[in-house]
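These notes concern the structure reproduced below.
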Amino acid sequence: MQALDALINRVSCPKLEGPAPTRVQLDNLFKAALRSPDHGALRPWRFLVTEGEGLKRMGQLYADAARADDPEASAARLEKCQNMPLRAPMIITVIAVTREHPKVPHGEQLISAGCAAHAITQAAYAQGLGAMWRTGDMAYNAHVEKGLGLSEGESIVGYIYLGQPGRDKDAPKLDVDQFVSRWGD
């Protein structure tokens, strides 16, 4: 696949099926992520891969976090939390690893980690995989961060759900002129 084709035509795939990406495909996803813009060569990211039984454990972590936030959480809410990670055969948790730096503010480091997440979704599409970048409450929950082993200065950028696309979906046709203007002409 041509790079420009992937950049123009990639779409999010909310419906994902097995199998999970192969080891070769996964390595390509991470190689793409590591080429993200990175002022100061800080490499302000890391990645957790979860699949198989780990997805069930992640769901239990989510349910525990929901219960910790609301001891009266309904059974339906807890079940929904348990099932969230089961929407795909693999999840890559993208973690921003920020630190004090005299020339690279935290915001730039966070954006760089976001670019790494984006590169993963692009590389997935280029390999015929489906991907969906998700966040939600569980991306900003201290109980989940602790359960996933995040340290001080780390935060979840998103969960990249990966698998085989459940259905074909075309990229929406957007009018570029609605988003672009010129300054200083």
Leu29 and Ile92, any side-chain heavy atoms less than 4.5 Å apart: yes

Minimal non-hydrogen separation, Cys13 against Met132, with atom names: O-CB, 3.4 Å

Check: Gln25 side chain, Ala124 main-chain N or O, donor-acceptor pair, under 3.5 Å: no

Within-4.5 Å side-chain heavy-atom neighbours: Phe30 and Val49: yes

Short side-chain to backbone donor-acceptor contact, Arg99 and His106, under 3.5 Å: no

Spacing of CD1 belonging to Ile8 relative to CZ belonging to Arg10, to within rounding of 0.5 Å: 13.0 Å

Point-to-point distance, once rounded to the nearest 0.5 Å, from CG of Leu48 to CD1 of Ile160: 12.5 Å

Minimum-distance pair of heavy atoms, taken over all atoms of Val157 and Ala113: CG2-CB, 3.7 Å

CA sep, side-chain torsions, deciding dist, call: Leu16, Leu162, side chain to side chain contact (heavy atoms under 4.5 Å, CB included): CA-CA 7 Å; Leu16 296 163; Leu162 293 160; 5.7 Å; no

Check: Pro105 main-chain N/O paired with Glu108 side-chain donor or acceptor under 3.5 Å: no

Residue pair Gln164 / Leu129: nearest heavy atoms and the distance that separates them: NE2-CD2, 3.4 Å

Heavy-atom side-chain proximity of Met138 to Cys81 below 4.5 angstrom: yes

Summary of side-chain hydrogen bond (donor to acceptor under 3.5 Å, both in side chains) pairs that have at least one residue in residues 128-150, sequence neighbours excluded: Asp69-Asn141

Residues that Thr50 engages under side chain to side chain contact (heavy atoms under 4.5 Å, CB included), provided they are two or more places apart: Leu55, Met58

Cluster check Leu86, Tyr159: I/L/V/M/F/W/Y, side chain < 4.5 angstrom: yes

Crowding at CD, Glu79 (>12 non-hydrogen neighbours, <6.0 Å): no

Exam field: side chain Thr98 to backbone Gly153, donor-acceptor pair closer than 3.5 Å: yes

Full working for side chain to side chain contact (heavy atoms under 4.5 Å, CB included) between Asp64 and Val144: CA-CA 9 Å; Asp64 292 345; Val144 171; over 6 Å; no

Non-hydrogen atoms of Leu110 and Ala96 that approach each other most closely: CD1-CB, 3.6 Å

Residue pair Arg43 / Asp38, side-chain heavy-atom distance below 4.5 Å: yes

Carboxylate-amine/guanidinium proximity below 4.0 Å for Lys31 and Asp27: no

From Asn83 atom CG to Lys56 atom NZ, the distance as rounded to the nearest 0.5 Å: 10.5 Å

Side chains of Leu26 and Asn28 in contact at under 4.5 Å (non-hydrogen atoms): no

Check: Cys115 and Ile111 side chains under 4.5 Å, non-hydrogen atoms: yes

Where Val24 and Gln127 come nearest, the two heavy atoms and their spacing: O-OE1, 4.4 Å

Rounded distance [0.5 Å steps], CD1 in Ile156 versus CG in Leu148: 5.0 Å

Separation of Gln2 CD from Asn9 CG (nearest 0.5 Å): 12.0 Å

Worked verdict on Ile120 versus Val94 for side chain to side chain contact (heavy atoms under 4.5 Å, CB included): CA-CA 10 Å; Ile120 289 171; Val94 180; 4.2 Å; yes

Ala116: side chain to side chain contact (heavy atoms under 4.5 Å, CB included) partners, not counting sequence neighbours: Ala33, Ser36, Trp45, Phe47

Taking every non-hydrogen atom, the tightest pair across Leu174 and Phe179: CB-CE1, 4.3 Å

Met90 vs Pro21 side-chain heavy atoms within contact, under 4.5 Å: yes

Rounded distance (nearest 0.5 Å) linking atom CE of Met84 with atom CG of Leu61: 11.5 Å

